[in-house]
A.B. asks: 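Okay, here's the structure, questions in a sec.
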Amino acid sequence: MAARTAVIERKTAETEISVAINLDCQPGSGNKQEINVSTGIGFLDHMFHALAKHSGMSLQLTCKGDLHIDDHHSAEDSAIALGTAFKQALGEVRGIRRYGTGFAPLDEALSRAVIDICSRPYCVTDLGLKREKVGDLSTEMFPHIFYSFAVAAGVTLHIDVLRGENDHHRAESAFKALALAIRQAIERTGGNDVPSTKGVL
């Protein structure tokens, strides 16, 4: 089977980002999972690490951004770069499950994520975060991170935090739910068909 990997560089006046991704590092794959994330935003590093870990991918992501201004550009552009690498690594949408659903609890918090790898970018989130920041990441950026990833990856994404009191737990459970949904959606079926009645995605 062809390796599902990608390496991209993204450079703007605001950020300089490199991403290397391997989608097939689940236990039993024979590929060692390696994760190194450095965006300059500690909580974002934590979230991307959890996303990679539980989706079964290897991820190397570094971002040098204009954090002297705020966290917006680094968070947004990192999500765009990650989504771009994901789409490139996946290649033609063929021989995969396409749809994925994930539920992830973290103590009192519970999140649900549903993904459709369909080349129709869309994102709906209901996270219910109350604090201004979690760690050094603005909570207003969480929906934007998911949106930026979805648009760049070409996926439809719905993420809902169903319950929870602690915003750290709510946010982390959302990323873990997305990871589980991705893991299911990119699973190879053993065939080579396009999972669509249209015959193309």
A.B. asks: Please find the pair of heavy atoms, one from Ala89 and one from Ala6, that lie closest to each other, and give the distance.
C.D. replies: N-CB, 3.7 Å

A.B. asks: So if you build clusters from Ile, Leu, Val, Met, Phe, Trp, Tyr with side-chain heavy-atom gaps below 4.5 Å, do Phe175 and Ile35 land together?
C.D. replies: yes

A.B. asks: Check side-chain hydrogen bond (donor to acceptor under 3.5 Å, both in side chains) between Ser111 and all other residues, then give those that pass, not counting sequence neighbours.
C.D. replies: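 Ser111 satisfies side-chain hydrogen bond (donor to acceptor under 3.5 Å, both in side chains) with Ser173 once adjacent residues are dropped.
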
A.B. asks: Between Thr189 (side chain) and Gly191 (backbone), is there a donor-acceptor pair under 3.5 Å?
C.D. replies: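 The answer is yes, because a donor-acceptor pair under 3.5 Å joins these two groups.
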
A.B. asks: Which atom names give the shortest non-hydrogen contact between Arg170 and Gly164, and what distance separates them?
C.D. replies: NH1-O, 2.5 Å

A.B. asks: Quick one: list whatever passes salt bridge (charged side-chain N to carboxylate O under 4.0 Å, His left out) with Asp71, sequence neighbours left out.
C.D. replies: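 Not a single residue meets the salt bridge (charged side-chain N to carboxylate O under 4.0 Å, His left out) criterion with Asp71.
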
A.B. asks: Mark yes or no for whether Asp167, through its side chain, and Lys130, through its backbone, hold a donor-acceptor pair below 3.5 Å.
C.D. replies: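 At least one qualifying donor-acceptor pair exists.
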
A.B. asks: If you look only at distance, which donor and acceptor atoms sit under 3.5 Å apart when one is on a side chain in residues 144-154 and the other is two or more places apart or in another chain?
C.D. replies:
| from | atom 1 | to | atom 2 | distance (Å) |
| --- | --- | --- | --- | --- |
| His144 | NE2 | Glu76 | OE2 | 2.7 |
| Ser148 | OG | His144 | O | 2.8 |

A.B. asks: If the condition is side chain to side chain contact (heavy atoms under 4.5 Å, CB included), which residues does Asn166 pass it with, not counting sequence neighbours?
C.D. replies: Glu108, His168, His169

A.B. asks: Would you please say whether a donor-acceptor pair under 3.5 Å links the side chains of Ser58 and Asn22?
C.D. replies: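 Looking only at side-chain atoms, Asn22 and Ser58 do not form any donor-acceptor pair under 3.5 Å.
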
A.B. asks: Please report the interatomic distance NZ(Lys64) to CD(Glu16), rounded to the nearest 0.5 Å.
C.D. replies: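 Lys64 NZ to Glu16 CD: 6.5 Å, rounded to 0.5 Å.
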
A.B. asks: If you draw a 6.0 Å radius around NZ in Lys32, do more than 12 non-hydrogen atoms from other residues or ligands fall strictly inside?
C.D. replies: no

A.B. asks: Would Leu178 and Ile80 show up in the same hydrophobic cluster when neighbours are defined by side-chain heavy atoms closer than 4.5 Å?
C.D. replies: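 No.
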
A.B. asks: Please check: side-chain N/O of Gln60 versus main-chain N/O of Glu34, any donor-acceptor pairing under 3.5 Å?
C.D. replies: yes

A.B. asks: State which residues pass salt bridge (charged side-chain N to carboxylate O under 4.0 Å, His left out) with Asp160; sequence neighbours excluded, sorted by chain then number.
C.D. replies: Arg112

A.B. asks: Let me have the donor-acceptor pairs involving side chains of residues 47-57, under 3.5 Å, with sequence neighbours excluded, atom names and distances please.
C.D. replies:
| from | atom 1 | to | atom 2 | distance (Å) |
| --- | --- | --- | --- | --- |
| Ser55 | OG | Leu51 | O | 2.7 |
| Ser55 | OG | Ala52 | O | 3.2 |

A.B. asks: If every non-hydrogen atom of Phe86 is compared with every non-hydrogen atom of Val155, which pair is closest and at what distance?
C.D. replies: CE2-CG1, 4.4 Å

A.B. asks: Starting from Leu110, can I reach Leu180 by hopping between I/L/V/M/F/W/Y residues whose side chains sit under 4.5 Å apart?
C.D. replies: no

A.B. asks: Of the non-hydrogen atoms in Gly65 and Ser74, which two are nearest, and what is the gap between them?
C.D. replies: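 That closest heavy-atom pairing would be CA-OG, 3.4 Å.
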
A.B. asks: Locate the shortest heavy-atom distance separating Leu129 from Phe142; write the atom from each residue and the value.
C.D. replies: CD1-CD1, 3.6 Å

A.B. asks: Does any N or O in the side chain of Thr12 come within less than 3.5 Å of the main-chain N or O of Thr15, such that one atom is a donor and the other an acceptor?
C.D. replies: yes

A.B. asks: Does Arg183 have any salt bridge (charged side-chain N to carboxylate O under 4.0 Å, His left out) partners at least two apart in sequence or in another chain, and if so, which?
C.D. replies: none

A.B. asks: Backbone N or O of Ile186 within a donor-acceptor pair of the Arg97 side chain at under 3.5 Å?
C.D. replies: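 Side chain of Arg97 to backbone of Ile186: no pair is present.
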
A.B. asks: Do Ile17 and Ile8 belong together in a cluster built from hydrophobic side chains that touch within less than 4.5 Å?
C.D. replies: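 Result: yes, single cluster for both.
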
A.B. asks: Might you point out which heavy atoms bring Leu23 and Gln26 nearest each other, and give the distance in Å?
C.D. replies: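 Nearest pair, atom of Leu23 first, then Gln26: O-NE2, 3.2 Å.
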
A.B. asks: Which residue in the set Leu157, Ile159, Thr101 passes side chain to side chain contact (heavy atoms under 4.5 Å, CB included) when paired with Ile115?
C.D. replies: Leu157

A.B. asks: Which residues satisfy the salt bridge (charged side-chain N to carboxylate O under 4.0 Å, His left out) test with Arg131, sequence neighbours excluded?
C.D. replies: none

A.B. asks: Mind checking ring-ring contact (aromatic ring centres under 6.0 Å, His included) for His73 and listing every partner two or more places apart, or none if nothing turns up?
C.D. replies: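 Testing His73 for ring-ring contact (aromatic ring centres under 6.0 Å, His included), a comparison that skips the adjacent residues, returns none.
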
A.B. asks: Sub-3.5 Å donor-acceptor pair from the side chain of Asn31 to the main-chain atoms of Asp24, do we have one?
C.D. replies: yes

A.B. asks: Is the backbone of Arg120 close enough, under 3.5 Å, to the side chain of Thr156 for a donor and an acceptor to pair up by distance?
C.D. replies: yes

A.B. asks: For residues 37-45, run the donor-acceptor check on the side chains, cut-off 3.5 Å, and write out each pair with its distance to 0.1 Å, sequence neighbours left out.
C.D. replies:
| from | atom 1 | to | atom 2 | distance (Å) |
| --- | --- | --- | --- | --- |
| Thr39 | OG1 | Ile41 | N | 3.1 |
| Thr39 | OG1 | Ile41 | O | 3.2 |
| Thr39 | OG1 | Asp45 | OD1 | 2.6 |
| Asp45 | OD1 | Thr39 | N | 2.8 |

A.B. asks: Could you work out, with side-chain hydrogen bond (donor to acceptor under 3.5 Å, both in side chains) as the rule, every residue matching Asp116, not counting sequence neighbours?
C.D. replies: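 Counting only residues at least two positions away or on another chain, Asp116 forms a side-chain hydrogen bond (donor to acceptor under 3.5 Å, both in side chains) with Arg98.
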
A.B. asks: In chain order, what residues pass the side chain to side chain contact (heavy atoms under 4.5 Å, CB included) check against Val93, with sequence neighbours excluded?
C.D. replies: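 Expected list: Ile96, Ile117, Pro195, Leu201.
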
A.B. asks: Start with the C-alpha distance between Asp193 and Arg94, add both sets of side-chain angles, then the distance that settles salt bridge (charged side-chain N to carboxylate O under 4.0 Å, His left out), and finish with yes or no.
C.D. replies: CA-CA 5 Å; Asp193 62 308; Arg94 179 183 291 274; over 6 Å; no

